[in-house]
Every structure is written in structure tokens, then in C-alpha cells.
Amino acid sequence: MKHLRKVDPQIAELVAKEQKRQETTLMMIPSENMASSAVEEAVASSLGNKYAEGYPHRRYYQGQGYVDQVEQLAAVRAKKLFDVDCANVQPYSGSPANLAVLLALCNPGDTILGLALDSGGHLTHGANVSFTGKFFNAVQYSVGKDGFLDYEQISRLAKKTKPRLIIAGTTAYPRIIDWKKFAQIADDVGAYLLADISHISGLIVGGVYPSPSPHVHVMMTTTHKSLRGPRGAMILVTHRGLAKDEKIMDKIDKAVFPGLQGGPHENTIAGIAVALKEASAPHFKKYAKQIVANAKTLAQELLSYGFTLVSGGTDSHLILIDLRNKDLLGNTMAVACERIGIILNRNAIPFDPNPPFYPSGIRLGTPGITSRGMKEKEMKKIASFMHTLIKDLLETKKRLGISKEDEKKKETRKRLVAHTKSIPLLRTEVFNLCKKFPLKEVY
Ligand code: DSN
């Protein structure tokens, strides 16, 4: 960062500190990952200086010779890797990409059917606080009491409400999605079927999670999660999508630009192209397999320590812990984990009795720590750190006489964490673990 240090030492200092934070803590938010240096170089390149409204060979400004080639390469690689017919690589991120699909295939007020937020859906799948819940008649399905998707309920809701579009996809669901069942449900009511594979796209191309490509009409993925690229997104149209609606790609392209976006971020698109090349290499299959093996080991260990997992385990990269049997808010555990260097997030659990701001769960995942080379042995250590931590937190909470209501106060949570004696030692253990797996280059 020699130029940055000279021109803006304040920002340089913050960047360096963030780099150090990432080096010395465990990145266990399941939607986060670390891109390779090659991806970073593409994103930081001069391609970011170029305006390129439109699509390759159909732009509004001059000087497009190279960015056209970059964008075409990204699209060609995306089509090959995800086995689809068409790709739009311009969406800035996942939320605008989902909006683009809705804008392309629905009219305002149309019925859409998506997974409820507290069941592991995304805001843009029709949550009432999101644009998608305000401008569409959003009907929401949920998981069953066992934490698994309830396909009979989804089918019943689809038949009753006749949605124009069904969204199959999740942000906090640890299990395999049955794309074939979704396709049957969508076909029964003539709906478009969108698979939001943002969390799992790396697992899909790595061959450890079934691909929705043969079953759905459209796929949307962000590119920075398990796929390990820069922050961006892609909309992919399948063979089935074209068979249902031959104009579908044209509608989607027009919805992305000029419908929702201006100039595409060609530097990010170059980073996406690089990430897609990396993801097509044999080592990526090994990486994806290890992500799932790590998550399964971690889940098994957590279960053995008495943690309750939503759905009882995981088939993917993600684990959702239900803390109700521990009598601890997700907020408290998330903050305490951060203090020892495990970075995860508080999360609602299905049918959460607590409000979203004080949810009963935490969500964690393995893409980030697998990128730095950690394996089953390290997962066992992490589970034991979490076990020691929560045991101590609960004892301390009791000793300090903190009630459930009290725990909602930030100050009380701070006091609880400050009195939890095992934290400094656990922090050292996590620090030493991180040191053994430096962030030199991604695995
Ligand atoms: N915010 C992302 C996640 O954490 O899952 C989804 O957009």
C-alpha cells in the first residue's frame, strides 16, 4: 500500500488494521470469504475507470474494446461452470440482482412466493420491510417444525395463491434444497422458478451440492461467498428458462440495464472472471469438499457439547445454533465469540419467540476458515472453544444474577462478557490457531 500510505495514511492505517483483524480472527460468518490476490488485483485495476453502459458491442460510450472482452470472458466462463445458456454478470450485488429478476418477470402487485426471513430466507425474497414485500404481493412459506423445508406446505401455498414467480433459496438453511420438488410445484401453477444460490454457488460448482440448473428457469448468485470472488452478482438463465420464455434473457438484461443500474463495474466483472477461472480448477473441488467436511465435523462436535442445531445438523457450509436450551441471547453469544476471535452473527431461528433484534440463534459457517487451510482437527478445537465459552458465560450470568430482560441491555452484556474469566485465555488460543494458518494465499 505504498501509495495509499503516502496519500492517505488514515485510510491506509484502517485498511492495515482490518487486514490484521482478518488475520488474527476466524472468519465464520457463512456469507463471507477471502478472495485470492489475483481477484484483488483485477478488482483494483484500471478497469474501474471505465464507463460501459450497455452490453458488449452494444455500448453507449467509446473505448470499449477491452472491457467488452473482459465481460464476454466472464459470461462465457459463468455459462460453462454453471451449465446454463445465458449469463448477465453486471449486477452490483445480490439484492439488486433479485430485484432485476422480479422487474424482468413480474409486474408490480403480482404474487411472488419466497421463504420467510426467520426460516432462513432473504429480505429480497418478499420480506415486508423490503422493496420486494412492498411492491409485490409477497406470500411467504416457512420451514417445518423440524427445520427442514416443507414441500407440501409450499405446494399448498402455490396452488392457493398462484404466484407468478417462486423463489427457492436461502441464507440460513443448512440442508440440501430439493430443486426437483420446487420445479414440480412451479410447473403445477405455471410460475417462473428462481433459485437464489448465493450461499451455495461455490459448493455447486465444486460438485458437493446439487445444481438447480436442470430444474429452474433462472439462477442468481452473489460472487463473494462460497464462490470466493469479488463482491458482485450474476443472473443465469437455464435451458428450461429459455424453453419457458424465449425472451427471458432479453427481459433480464433490460431490467439490469437500463432498468435498475447504470455503468457496470467492469473491474469487479474482471474479478468475477478470475474467480470463475479459479473455481473451474481441480483444487476448487477439493476446497468445496473440505468446506462441507469441516461444517459436518463442527456440527457433530457442537452437538456432542449439547448445542442444539436447527434441523439437527448440516449438509452444507452453514450451521444454525438454537440457543434456547442454553438460555442465552444470540446477541450475547455473538459478542462473546467476537471477544475470543470467532466472528459469526446472531440470527433468528425458525419460529423464533424473540424479536429479530434479539434473536435466539447464531449462524456460523466454514468457507472462510477452509480458505486458510483449516481442516477437521481445527473444527474440533473451535467447537471446544465455543463450549468452554458458553459454559463460563452461563455460570457468570447466574453468578451476576442477570435476568433475560436484563440481558437485552448492551451494558449488561458488556458486564457479563467482562466478568467471564475464560475469555482472555480463549482469545490467546484462537490467536495461536490463526497464526498457524496465515492468510498468505487462499487454499
Ligand atoms: N447478508 C447475506 C448473508 O449474510 O447471508 C445475504 O445477503
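Reckoned from all heavy atoms, side chains included, excluding hydrogens, waters and symmetry mates. Heads up: numbering here begins at 1 and tracks the sequence.
A donor-acceptor distance shorter than 3.5 angstrom exists from the side chain of Arg363 to the backbone of Thr171, with no hydrogens or angles considered.
A salt bridge between Asp187 and Arg240 is present, with a side-chain N of the basic residue lying under 4.0 Å from a carboxylate O of the acidic one. At a threshold of 4.0 Å, the pair Lys397-Glu407 counts as salt-bridged, since one of the basic side-chain nitrogens sits closer than that to a carboxylate oxygen. Comment: Glu405 engages Lys408 in a salt bridge, judged by a side-chain N to carboxylate O separation of less than 4.0 angstrom. For Arg59 and Glu266, the salt-bridge test passes: some basic side-chain N is under 4.0 Å from an acidic carboxylate O.
Arg77 and Ser280 share no side-chain donor-acceptor pair at under 3.5 Å. A donor atom on one side chain and an acceptor atom on the other are found under 3.5 Å apart for His125 and Asp196. Checking Thr370 against Tyr287 by side-chain atom types alone, no donor-acceptor pair falls below 3.5 Å.
Counting non-hydrogen atoms of other residues, nucleotides and ligands closer than 6.0 Å to CD of Glu18 gives a total above 12. Counted within 6.0 Å of OH on Tyr55, heavy atoms from surrounding residues, nucleotides or ligands total more than 12; the atom is thus considered enclosed. For Lys244, the NZ atom is densely surrounded, since the number of other residues' heavy atoms within 6.0 Å is greater than 12. When the shell of 6.0 Å around NZ of Lys391 is examined, it contains 12 or fewer heavy atoms from other residues, nucleotides or ligands. For NZ of Lys251, the number of neighbouring non-hydrogen atoms (other residues, nucleotides, ligands) closer than 6.0 Å is greater than 12.
Side-chain contact between Met219 and Ser213: present, with at least one pair of heavy atoms (C-beta onward) separated by less than 4.5 Å. Two residues are said to be in side-chain contact when any heavy atoms from C-beta on lie closer than 4.5 Å; Thr238 and Val216 meet this criterion. At a threshold of 4.5 Å between non-hydrogen side-chain atoms, the residues Ile235 and Val218 count as touching.
Of all heavy-atom pairs spanning Ser360 and Ile349, the tightest one is CB-CD1, 3.8 Å. What you find for Ile177 and Gly169 is that their closest heavy atoms are CD1-CA, 4.2 Å.
Note: Leu298 CG to Gln300 CD = 10.5 Å, rounded to the nearest 0.5 Å. Taking CD1 from Ile369 and CE from Met27, the interatomic distance works out to 10.5 Å, rounded to the nearest 0.5 Å. Distance check: Tyr173 OH to Ser119 OG gives 9.5 Å after rounding to the nearest 0.5 Å. Lys162 contributes atom NZ, which lies 9.5 Å from atom CG of Asp188 (distance to the nearest 0.5 angstrom). For the atom pair Asn33 CG and Thr366 OG1, the distance stands at 9.5 Å (nearest 0.5 Å). Taken from OG in Ser384 to NZ in Lys381, the straight-line distance is 8.5 Å, to the nearest 0.5 Å.
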Quiz item: Are Gln261 and Glu53 close enough, and set up right, to give a side-chain hydrogen bond (donor to acceptor under 3.5 Å, both in side chains), and what steps lead you there?
Solution: CA-CA 9 Å; Gln261 296 189 175; Glu53 280 97 333; over 6 Å; no

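Within the cation-pi definition used here (under 6.0 Å to the ring centroid, within 45° of the axis), Arg346 qualifies as a partner of Phe357.
With His224 as the fixed residue, the side chain to side chain contact (heavy atoms under 4.5 Å, CB included) test singles out one of Ser93, Ser198, Ser31: Ser93. Of the options Asn331, Asn325, Thr332, a side chain to side chain contact (heavy atoms under 4.5 Å, CB included) to Leu328 is made by Thr332 and by none of the others.
Ring orientation note: the planes of His317 and His199 are tilted relative to one another, at an angle of 30° to 60°.
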